[in-house]
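Notes to accompany the following structure.
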Amino acid sequence: MDDKDARLRRKQRLSEIIEVGAATDSISRLYDLINSLAIVINLIVSVIYTFEAPRTQYGSWLSSIEAVTVAFFTVDYCLRLWTAQCLRPKLPPFQATLRYIFSFSGLVDLLSFLPYYLPVFFPSGTVAFRMFRVMRIFRLFRINAYYDSLNVITEVIASKRQQLMSSVFIIVVLMLASSLCMYSLEHEAQPEVFSNAFSGIWWSVSTLLTVGYGDIYPITTLGKLFSIVITFLGVGMVAIPTGIISAGFVDQYSRIKRISEYGHETDVHFIKVHLSQKDSWSTQTIQSLGLPSGLIVAAIQRGEQIVVPRGDVALCPGDTLVLGAESVGDNRHIDLKEVVLRRQNPWNGLRIRELDISRQTIIVMVKRRGGILIPNGDLILKEGDCVILYSQSYIPADNTIEI
């Protein structure tokens, strides 16, 4: 069991390293930097390799750099396969691995290195496999995860996806409608150019998107007038998604600014909770804890590392949780009493249910030798125990604790 826990800890630690790391995790941040550099260097080499002069002079060096970066992508993919369960602890290991393999990032990671090795086994398909190497450019989305400023782009697009889809739908409808109309107006004058209903798609795309390539254009008077109308509509249609994205950026940065300006005004209290092997929270993910509203896990201290408390992070025995909660916000105080049992205290050796105390008195907890005991009725109090209780009655030798 100890070996299994040790393997699980190593796997979780490796998952923390290869995923986006916290600012305090120097090893994870170093891995993020190496990953970003490998992506950028690989793409730069791919671009330089398309020029004949550098390819002729430095071809061997470029091939070596590409081989090293692709080898790094291969190792990175294998590590992510092995640690896929840590990102989805609720799923069985095999299912969690399949979920990563068929995800967008998993497919991009696979196509980043697989086409490089396929010509070794299938030499006849070298040209086709080289085309798949273009997928490496999608690894740039991993850099997007490393920087909060770039994450704003993803958040804006995700928050405005319905409006963007609506604007794209309108553009597609206008594109098809203008293609059909232009076919009706120009088919007799230019049968070889507007030969069918869909032959005007290229013209409508270039016109609506204000490209104006000029290889297909109307020659009739009605066709030219209709083209003017479509051109004006195209300017408006392009402005719609542009305005949606611009408004999204303004809203996002305004929200971030409000949080930074007014976040300090909220009175939040923090406590530390240490998890042992017997605690039910051990091995659970944060999102499965079922914390009440207003209580959050602010940080997780695991050894010398500080783990960012994302919802899919699995807790381990030995972790120290920093819990945060908003203050009650009123002027009512709960006064607890603290009683340390000395040798002459009559409570020594008695069970809690045998104590001669008021029915309105509630024992909250018992601290014994640095630990906290659950105050059930069968708990026997001993000398040196620190009893925390709530009571309105007088208790000798007690200290008041204000909550």
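- With hydrogens and angles disregarded, a donor-acceptor distance shorter than 3.5 Å links the side chain of Ser63 to the backbone of Gly59.
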*Could you walk me through whether Ile286 and Ile300 pass the side-chain contact (heavy atoms from CB on, under 4.5 Å) test, one step at a time?*
CA-CA 10 Å; Ile286 293 179; Ile300 303 173; 3.6 Å; yes
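- To the nearest 0.5 Å, the span separating CE on Met165 from CD1 on Ile244 amounts to 11.5 Å.
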*What do the steps show when you test Leu98 against Gln95 for side-chain contact (heavy atoms from CB on, under 4.5 Å), and what is the final call?*
CA-CA 5 Å; Leu98 286 180; Gln95 190 174 352; 5.6 Å; no
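- With Ser282 contributing its side chain and Lys278 its backbone, the two residues share no donor-acceptor pair below 3.5 Å.
- Considering only heavy atoms from C-beta on, Leu379 comes within 4.5 Å of Val366 through its side chain.
- Taking 4.5 Å as the limit, every side-chain heavy atom of Ile41 sits out of range of all side-chain heavy atoms of Ile44.
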*Begin with the C-alpha distance, continue with both residues' side-chain angles, and end with the deciding distance and a verdict on side-chain contact (heavy atoms from CB on, under 4.5 Å) for Arg80 and Ile18.*
CA-CA 8 Å; Arg80 294 182 188 277; Ile18 64 178; 3.7 Å; yes
With a 3.5 Å cut-off and sequence neighbours excluded, list the donor-acceptor pairs that the side chains of residues 168-188 form with protein atoms.
| unit_1 | atom_1 | unit_2 | atom_2 | d |
| --- | --- | --- | --- | --- |
| Ser178 | OG | Leu174 | O | 2.9 |
| Ser178 | OG | Met175 | O | 3.0 |
| Ser179 | OG | Ala197 | O | 2.9 |
| Ser179 | OG | Ile201 | N | 3.4 |
| Ser184 | OG | Leu180 | O | 3.2 |
| Glu186 | OE1 | Gln190 | NE2 | 2.9 |
| Glu186 | OE1 | Ile219 | N | 3.2 |
| Glu186 | OE2 | Thr220 | N | 3.2 |
| Glu186 | OE2 | Thr220 | OG1 | 2.4 |
| His187 | ND1 | Phe194 | O | 2.8 |

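- For the residue pair Lys382 and Asp385, the shortest heavy atom distance occurs at N-OD2, 2.8 Å.
- What you find for Gln12 and Ala314 is that their closest heavy atoms are NE2-CB, 3.8 Å.
- Other residues, nucleotides and ligands contribute more than 12 heavy atoms inside 6.0 Å of the CZ atom of Arg55.
- Although no hydrogens or angles enter the test, the distance criterion places a donor-acceptor pair under 3.5 Å between the side chain of Glu354 and the main chain of Arg351.
- Checked against the 6.0 Å centroid criterion, the rings of Tyr77 and Tyr100 qualify as a close aromatic pair.
- Residues Leu14 and Leu79 meet the side-chain proximity criterion, which asks for heavy atoms closer than 4.5 Å.
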*asked:* The test is side-chain contact (heavy atoms from CB on, under 4.5 Å); show your working for Leu37 and Ile39 and say whether it passes.
replied: CA-CA 5 Å; Leu37 288 176; Ile39 295 171; over 6 Å; no
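- The structure places CD of Gln85 at 7.5 Å from OG1 of Thr97, a figure rounded to the nearest 0.5 Å.
- In this structure, CG in Asp109 is found 9.0 Å from CG in Leu81, a value given to the nearest 0.5 Å.
- Looking at Met365, Arg369, Arg368, Lys367 one by one, the single match for side-chain contact (heavy atoms from CB on, under 4.5 Å) with Cys386 turns out to be Lys367.
- In terms of modelled atom types and a separation under 3.5 Å, the side chain of Ser195 and the main chain of Pro191 share no donor-acceptor contact.
- To the nearest 0.5 Å, atoms CG (Leu389) and CD1 (Ile352) are separated by 10.0 Å.
- Using a 4.5 Å cut-off on side-chain heavy atoms (C-beta onward), Leu381 and Leu355 make contact.
- Looking only at distances, a side-chain donor or acceptor of Asn348 sits under 3.5 Å from a matching main-chain atom of Arg343.
- Considering only heavy atoms from C-beta on, Asn42 comes within 4.5 Å of Glu66 through its side chain.
- Interatomic distance, Lys272 NZ to Leu323 CG, rounded to the nearest 0.5 Å: 11.5 Å.
- When every heavy atom of Phe72 is checked against every heavy atom of Ala38, the shortest pair comes out as CD2-CB, 3.8 Å.
- Between Arg13 and Glu16 there is a salt bridge, since a side-chain N of the basic residue sits under 4.0 Å from a carboxylate O of the acidic one.
- Considering only heavy atoms from C-beta on, Thr320 stays 4.5 Å or farther from Val273 through its side chain.
- Between Arg302 and Cys316, the closest side-chain pair of non-hydrogen atoms falls below 4.5 Å.
- Among residues two or more places apart in sequence or in another chain, the side chain to side chain donor-acceptor pair (under 3.5 Å) test is passed with Thr285 by Ser288.
- Atoms NZ and OG1, from Lys11 and Thr83 in turn, are 8.0 Å apart once rounded to the nearest 0.5 Å.
- Looking at Ser276 and Asp279, their side chains do bring a donor and an acceptor atom within 3.5 Å of each other.
- Between Val193 and Trp203, every side-chain heavy-atom pair lies at or beyond the 4.5 Å cut-off.
- Among all heavy-atom pairs drawn from Ile17 and Ser28, the shortest one is O-OG, 3.2 Å.
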